[in-house]
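Have a look at the structure below, then the notes.
Keep in mind that this is a model prediction, so the values were computed, not measured. Every heavy atom of this structure was used, including side-chain atoms; hydrogens, water molecules and symmetry mates were not.
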Amino acid sequence: MALSKKSLLNRVLVGIAIFIVMLGMILLNVFLPNYTNSETDIFVSGRAINSVIISALILLSVVEMRRALGKERIPDCFSWLLWLYGIGIMPVYSLFGFMGIMFFSLIVFIVAVVTAMFRNRADSLIYIAFMLVYPGLFMATLLYINRSAATRSFVDTSMYQYLENDIWTYLNALFHTGRESSSLLPLNAIGLALVFAVSTFTDVFAYFVGSLFGKHKLCPEISPKKTVEGAIGGVFGGVLGSALVFFVFDFWHFFGYGAQFGLTFDGLGLSTLNTVLTYTLIGLLGSVATQIGDLLASLIKRYCGIKDYSRLLGEHGGIIDRFDGIMFNSVFVSFMFMFIL
């Protein structure tokens, strides 16, 4: 069914707004860091602003998934716990990082178990556990990337100017917590760029290639419109998206030279082979992950009998509808950053 002019205009305008937000998040991490050698302490950094944005997306995603599953599967007695989870993500992440979110999720599930025992709703636990993982932990990997830093040891003193403070630096100064602070070599800007670019290019190329050349159905029971040709076009688009990030950050040095502006920075210690492998794998497998995420979101919608997770974004649907592929790609990019960088 063709979109009306009004619906098409809504789709275009909302799409532009989403693109501006994504680009803005990347630029915030580039131009608003909290450098260690800054003459004036910066308490509101790009990382912090992006943390608020991502945490809001997680909360909205949890609310959407609860709506999709319905109160028959997750009754009202669990509502307060899901809101606590969505709201508590940001402070837990800020203090304890991604590992803190994982333990927070386990604690929330334990409380859900106790609630289920008193309410005799053991059947709801499987849905709550699913929500904590998807979209909860999946979306939270965006927080991990937003805080991503190289895990290698550095001795090059010239890199000092690129290190950022973490939150414990300020807490120690204010409250003498006794917890050792750390300085982060930021890779968050390029991390978000890879997630957004690969997923966006995958979606665009899959749509247009599938529309023009699609003949063989990919998963007709889940998503009748998706084709094998479109999926192949999506992989090609993902590689182009990854290549674009390489040229902007590493080849043209569009944002200048610096540790957080690319993977070819000498002090990072990556060989040429590892750099090429990183970009190639994120382009190829990140695109595959994006498309799997899209199919999973469609599968859940069919199971729940809904068209969209919400109408928050108009013709784009809800947050999960727009970030379904991004979530999966974010998990893969997080994996790459953790074990390669």
For a 4.5 angstrom cut-off between non-hydrogen side-chain atoms, does [X] reach [Y]?
X    : Y    : answer
I101 : Y144 : no
L143 : S51  : yes
M102 : F98  : yes
V239 : S287 : no
M131 : Y85  : no
K301 : D308 : yes
L194 : F337 : yes
Y134 : M139 : no

Would you say the side chains of D324 and Y309 form a donor-acceptor pair under 3.5 Å? no
Taking atom types as modelled, find out whether T202 and T290 have a side-chain donor-acceptor pair closer than 3.5 angstrom. no
Test log, rule side-chain contact (heavy atoms from CB on, under 4.5 Å), inputs L218 and T227: CA-CA 5 Å; L218 182 64; T227 63; 5.6 Å; no
Which atoms form the tightest heavy-atom contact between [X] and [Y], and what is the distance?
X    : Y    : result
L313 : G318 : CD1-O, 3.7 Å
L82  : I74  : CD1-CG2, 4.1 Å
C304 : R73  : SG-NH1, 4.4 Å
S310 : D321 : N-OD2, 4.0 Å
N29  : L192 : ND2-CD1, 3.4 Å
F328 : G293 : CD1-CA, 3.4 Å

In one Ile/Leu/Val/Met/Phe/Trp/Tyr side-chain cluster, 4.5 Å: [X], [Y]:
X    : Y    : value
L23  : V30  : yes
V63  : F138 : no
Y127 : W80  : yes
L59  : I49  : no
I110 : V108 : no

[atom1]-[atom2] distance between [X] and [Y], expressed to the nearest 0.5 angstrom:
X    : Y    : atom1 : atom2 : answer
I232 : H216 : CD1   : NE2   : 10.0 Å
D250 : L263 : CG    : CG    : 5.5 Å
I128 : L132 : CD1   : CG    : 7.5 Å
L312 : L60  : CG    : CG    : 6.0 Å
D294 : F323 : CG    : CZ    : 13.5 Å
M117 : L125 : CE    : CG    : 10.0 Å

Please check if the side chain of [X] supplies one atom and the backbone of [Y] the other of a donor-acceptor pair under 3.5 Å.
X    : Y    : value
Q291 : G234 : no
K217 : P224 : yes
N329 : V195 : yes
E229 : K215 : yes
S330 : I326 : no
N50  : M25  : yes
S45  : P33  : no
R322 : H316 : no
S242 : T280 : no

Students often mix this up, so state it plainly: with edges at 30° and 60°, are the rings of W252 and F247 parallel, tilted or perpendicular? tilted
Is there a side-chain contact (heavy atoms from CB on, under 4.5 Å) between F255 and V248 once you walk through the steps? CA-CA 8 Å; F255 299 116; V248 170; 3.9 Å; yes
If you count every heavy atom of other residues, nucleotides or ligands that lies below 6.0 Å from [X] atom [atom1], does the total exceed 12?
X    : atom1 : answer
F130 : CZ    : yes
R119 : CZ    : no
Y207 : OH    : no
L212 : CG    : yes

Using the rule side chain to side chain contact (heavy atoms under 4.5 Å, CB included), only one of I319, I320, L296 pairs with M327; which is it? I320
Verdict with reasoning, F118 to V114, per side-chain contact (heavy atoms from CB on, under 4.5 Å): CA-CA 7 Å; F118 280 99; V114 175; 3.7 Å; yes
In sequence, state the C-alpha distance, the side-chain angles, and the governing distance for R121 and T115, and then conclude on side-chain hydrogen bond (donor to acceptor under 3.5 Å, both in side chains). CA-CA 8 Å; R121 288 303 307 258; T115 304; over 6 Å; no
Is R147 positioned over the aromatic face of Y93, cation under 6.0 angstrom from the ring centre and no more than 45 degrees off axis? yes
